[in-house]
Amino acid sequence: MAYGILYDFLMGQTIEAYRYFGAHFVEKDGRSGVMFRLYAPLADDVSVIGDWNGWDVTRDKMAKVDDSGVFELFIEGLHEYETYKYHFRNCKGEYVDKADPFAFCSEHRPKSGSRLFDIENFIWHDDKYLKNQTSSFDKPMSIYEVHLGSWKGKIGDRFISYEEVADYLIPYMRDNGFTHCEIMPICQYPFDGSWGYQATGFFSVDSRYGNPKQLMSFVDRMHQAGFGVLLDFAPVHFATDPFGLREFDGSCLYEYSDPEHTLSPWGSAQFDLGKDPVRSFLMSAMDYFISYFHFDGLRLDAVSNMVYWDGNKNKGANDGAVEFMKRLNGKLHIKHPNVITIAEDSTDFPGVTHPTHENGLGFDYKWDLGWMNDTLKYYHLDPVYKKYEHNKITFSMMYFWSERFLLPLSHDEVVHGKGTIINKMHGDYEQKFALLRNLYTYQFAHPGKKLNFMGNELASFDEWNENRSLPWVLLSFPKHDSIRRMVRDLNLIYQAEAAMHKEEYNPLRFQWAMVDNADQSVFAFRRSVEGSDLLFVFNMTPNFYESYDVGCFEPGEYDEIFNSDKDVYGGLNQYNGLALEAKPGGPENRPYHVSVKLASYGALILKRRIPKAKRHSNRKRG
C-alpha cells in the first residue's frame, strides 16, 4: 500500500498522500512510536530534530527510501505535542531547518515548529447528518461566512477555541435561518493579516483555535445541529517564510522555477500546479479535510489565478492548473459524491461548473462576482442616473444559465477601504437602510445560492477588522437589529418557498415581469415551480406609488408575504394588506397585472394563491 501511494504521489494521482507522508503514530515490531516520512528529492544528510533529542542534529538520521527522494525514520516512545522539524543539507549546500509539509499540528505563531498529533480515533456523532448529505442543487443554501478569530473576538489575550465558537455560532445560525457556514482558511498560517490565505501548513489545523480534534468537534456539533460546514481553501499560493515550503530542498520544489511566475501578485510563492507531486500534495490536503474533518465542501480561492496566468486572460490559460482542477474535482467527487466544490472565479472561463467528462472543470458552484460588482455599483448610484445603468440589474440573467452560480456578498467587499455593504448604498442614513433592505431582498429573490459575510446582517458602518470582534452592540439599536430580523425572515421564506430554491438553474422557472422600465427603475420577475408561484417587485428609487401596476402571468389572488418597508424591518409600513386581485392586461404586454402599493426603495414578495385542484392536478389518480 505504501509503495502504491508513493507511486501515485509522484504521478500526481493520489488524494491520500497524508496516509504515507508526515508523522504517524504506529506500531512497528511490537514497539509504539512515530514513523516520519519526508519528500525532499535534492536534500541529503537529513535528520529529525525535536524536543525528545534536544534538537541534536546528529542523533536521529533519516534513511533514504529510494531514488524518488523520500526519507523515513521510526522513533520509539514519542508523545503527542512534542515539537519537531527536519534538518538537512539542501541542493545549495546550506543546512536548513524546515517544518513538516504534512504535519497535522503546529506551534502557535511566532513559533514555527511542527507538533506530533494522533489524528485517529475521533468519535463522531453525525451519521444521521451524513446519510442525508447532498450537493443542495434543489435545496436552500444560505451560507454564513465566518472568520473564527473575529466573530466573537478574543477572550482576554487568547483566541476563542473551535468548541467555544460552536457554543455561540450554532444558536445564532439557528435563530437567523442560515443553512451552512463557511469558515475562512484554517490551514496553519503565520501572519494574522493574511486571514489564512497565505499558509505554511496545508495539513496542519490552525493552532490559534486549538488542535485537530477540537476542529473535528466543531464540525461534528454543527452537523448534529443540522448545519453544513464549508472550508475556504487557498491552493494558489503559500507564505514565503523560510521554515515553510519556499525553496524547500534548495530547489523550487513546490513553486514555479520560472521567475516570471514564482511569486504571486500578493508577494507569496505560487504553487506550480503543473508538477505532479504538487498536484498530489494539494489534492491530498483537500481530501484530508473532507475525510478526517467531515467538511461538506470546499471553496477554492482565486480560481481566476489558476485558469489564467496571474489571473490575466491576455496571458492565456494555464493548462497545467486547468488539468489540476479537473483532476481534483474528478477524484474528490468519485470518493465523496455529495461533497461540493465551489470556485471563487472572476473570469468568463467556460465550463467551470460543467462535468469533467464534458471538458468542464467539474466544480459544483461558481461565485457570481459579476453579479456582485454590477449590483453594488447600481445600488451606489444616485437614482437620477440609474436609468442609464439599467442593464446592471438585467445583465446577470443573460448569462446566469451558463453555470451554477452562487451570489456572494463576502468578506472581500467590506475591507481595504471599500466600505461595508450599507456604506455602499446611496443616500442619507435612512435611504441607506432602505436600499440595504432592498438589496438583501434582491439577493434572496435572484436565482442562485446565497452567501453573506458575518456582520452583513448587523448593517455595520465600520469595516471588518480581523483583530476585533464584530460590533454586536449594534443589536441593541432597533435600526440595526431590524436588519438582522429581516435577514432571518428572508432566510426562512427562502427555505419555505420551493420557487426560491428548487430547479433554480432551470431557465423555464424564471420570467421577467417588468424588465424594460428604465425611466422609473422598477423591476419585477416571477419564479415558479409546482405549488409555489412568486412575484418579486423592486422599486430602485425614492419615489412612492400608492398604486402601481405590475405585470404578471396568471390570474387569481396574490398575497404579500414580504415587504421590506414593514416597520419591523425599520421601514415606514407602506405595505399591502389584503390579497391583490390580478386583472386582465398588464404593462410590457403581460396578460395580467396586480396593482400594488410600492414604497420608496421598497421590495415585495407576492405569492399567488394556487387552487387546490390545480395544485394537485399532476398527482396520479387512484
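Counting from 1, the numbers follow the sequence of the chain as shown.
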(request) Give the minimum heavy-atom separation between Thr262 and Tyr256, together with the two atoms involved. (result) OG1-O, 2.8 Å
(request) Report yes or no: is the cationic atom of Lys366 (NZ for Lys, CZ for Arg) under 6.0 Å from the centre of the six-membered ring of Phe405, at an angle within 45° of the ring normal? (result) no
(request) For this output row, return yes or no: ring centroids of Phe137 and Tyr365 closer than 6.0 angstrom. (result) yes
(message) Is the positively charged end of Arg59 above the ring of Trp52, judged by distance under 6.0 angstrom from the centroid and angle within 45° of the axis?
(response) no
(request) Of all the heavy-atom pairs spanning Phe233 and Leu282, show the shortest one and how long it is. (result) CE2-CD2, 4.3 Å
(message) Is it the case that the side chains of Lys418 and Asn423 hold a donor-acceptor pair, with the cut-off being a distance below 3.5 Å and no angle test?
(response) no
(request) Could you tell me whether the side chains of Gln443 and Asn452 share a donor-acceptor contact shorter than 3.5 Å? (result) yes
Enumerate, atom names and distances included, each donor-acceptor pair closer than 3.5 Å involving a side-chain atom of residues 241-252, sequence neighbours excluded.
unit_1 : atom_1 : unit_2 : atom_2 : d
Arg246 : NE     : Glu255 : OE2    : 3.4
Glu247 : OE1    : Lys92  : NZ     : 3.0
Asp249 : OD1    : Ser251 : N      : 3.1
Asp249 : OD1    : Ser251 : OG     : 2.5
Asp249 : OD2    : Leu42  : N      : 2.9

(message) Between Ser68 and Asp66, do the side chains contain a donor N or O and an acceptor N or O under 3.5 Å apart?
(response) yes
(request) Output all residues satisfying ring-ring contact (aromatic ring centres under 6.0 Å, His included) with Phe178, sequence neighbours left out; order by chain, then residue number. (result) Tyr144
(message) Suppose we screen for ring-ring contact (aromatic ring centres under 6.0 Å, His included). Which residues come up paired with Phe227, at least two apart in sequence or across chains?
(response) none
(message) Students often mix this up, so state it plainly: with edges at 30° and 60°, are the rings of Tyr84 and Tyr86 parallel, tilted or perpendicular?
(response) perpendicular
(message) Would you say the ring centers of Tyr39 and Phe102 fall short of 6.0 Å from each other?
(response) no
(message) Applying side-chain contact (heavy atoms from CB on, under 4.5 Å), can you list everything that pairs with Ala166, at least two apart in sequence or on another chain?
(response) Ile170, Phe218, Arg221
(request) List the atom of His294, the atom of His223, and the distance in Å for their closest heavy-atom pair. (result) O-CE1, 2.9 Å
(request) Assess the pair Phe202 and Phe271: is the distance between their ring centroids shorter than 6.0 Å? (result) yes
(request) Return the orientation label for the Phe400 and Tyr505 ring planes: parallel under 30°, perpendicular over 60°, tilted otherwise. (result) parallel
(request) Verify whether one side chain among Asp287 and His336 offers a donor that lies under 3.5 Å from an acceptor in the other. (result) yes
(message) Is it true that Gln188 and Ser207 share a donor-acceptor pair across their side chains at a distance under 3.5 Å?
(response) yes
(request) Decide if atom NE2 of His108 counts as having more than 12 heavy atoms of other residues, nucleotides or ligands within a radius under 6.0 Å. (result) yes
(message) Is the terminal nitrogen or CZ of Arg208 (NZ for Lys, CZ for Arg) located under 6.0 angstrom from the six-membered ring centre of Tyr189 and within 45° of that ring's axis?
(response) yes
(message) Holding to ring-ring contact (aromatic ring centres under 6.0 Å, His included), I want the full list of residues that pass it with Phe117, two or more places apart in sequence or in another chain.
(response) Tyr81
(request) Using only heavy-atom distances, determine whether the side chains of Tyr308 and Asn314 contain a donor-acceptor pair under 3.5 Å. (result) no
(request) Could you tell me which residues satisfy ring-ring contact (aromatic ring centres under 6.0 Å, His included) with Phe104, sequence neighbours excluded, listed by chain and number? (result) His24, Tyr288
(request) Compute the centroid of each ring, for Phe21 and then for Phe203, and state whether the two points are separated by less than 6.0 Å. (result) no
(request) Kindly state whether the ring of Phe281 and the ring of Tyr254 have centres lying under 6.0 angstrom apart. (result) yes
(message) Can you confirm whether the side chains of Lys111 and Thr83 place a donor and an acceptor under 3.5 Å from each other?
(response) no
(request) Examine the side chains of Asp97 and Trp55 and answer whether a donor and an acceptor come within less than 3.5 Å of each other. (result) no
(message) Please evaluate residues Trp195 and His147 with respect to the criterion ring pair (Phe, Tyr, Trp, His ring centres under 6.0 Å), reporting the C-alpha separation (whole Å), side-chain torsions for both, the decisive distance (0.1 Å), and the verdict.
(response) CA-CA 8 Å; Trp195 312 328; His147 177 263; 7.8 Å; no
(request) Ignoring hydrogens and angles, state whether a donor on the side chain of Ser284 or Ser280 is under 3.5 Å from an acceptor on the partner side chain. (result) no
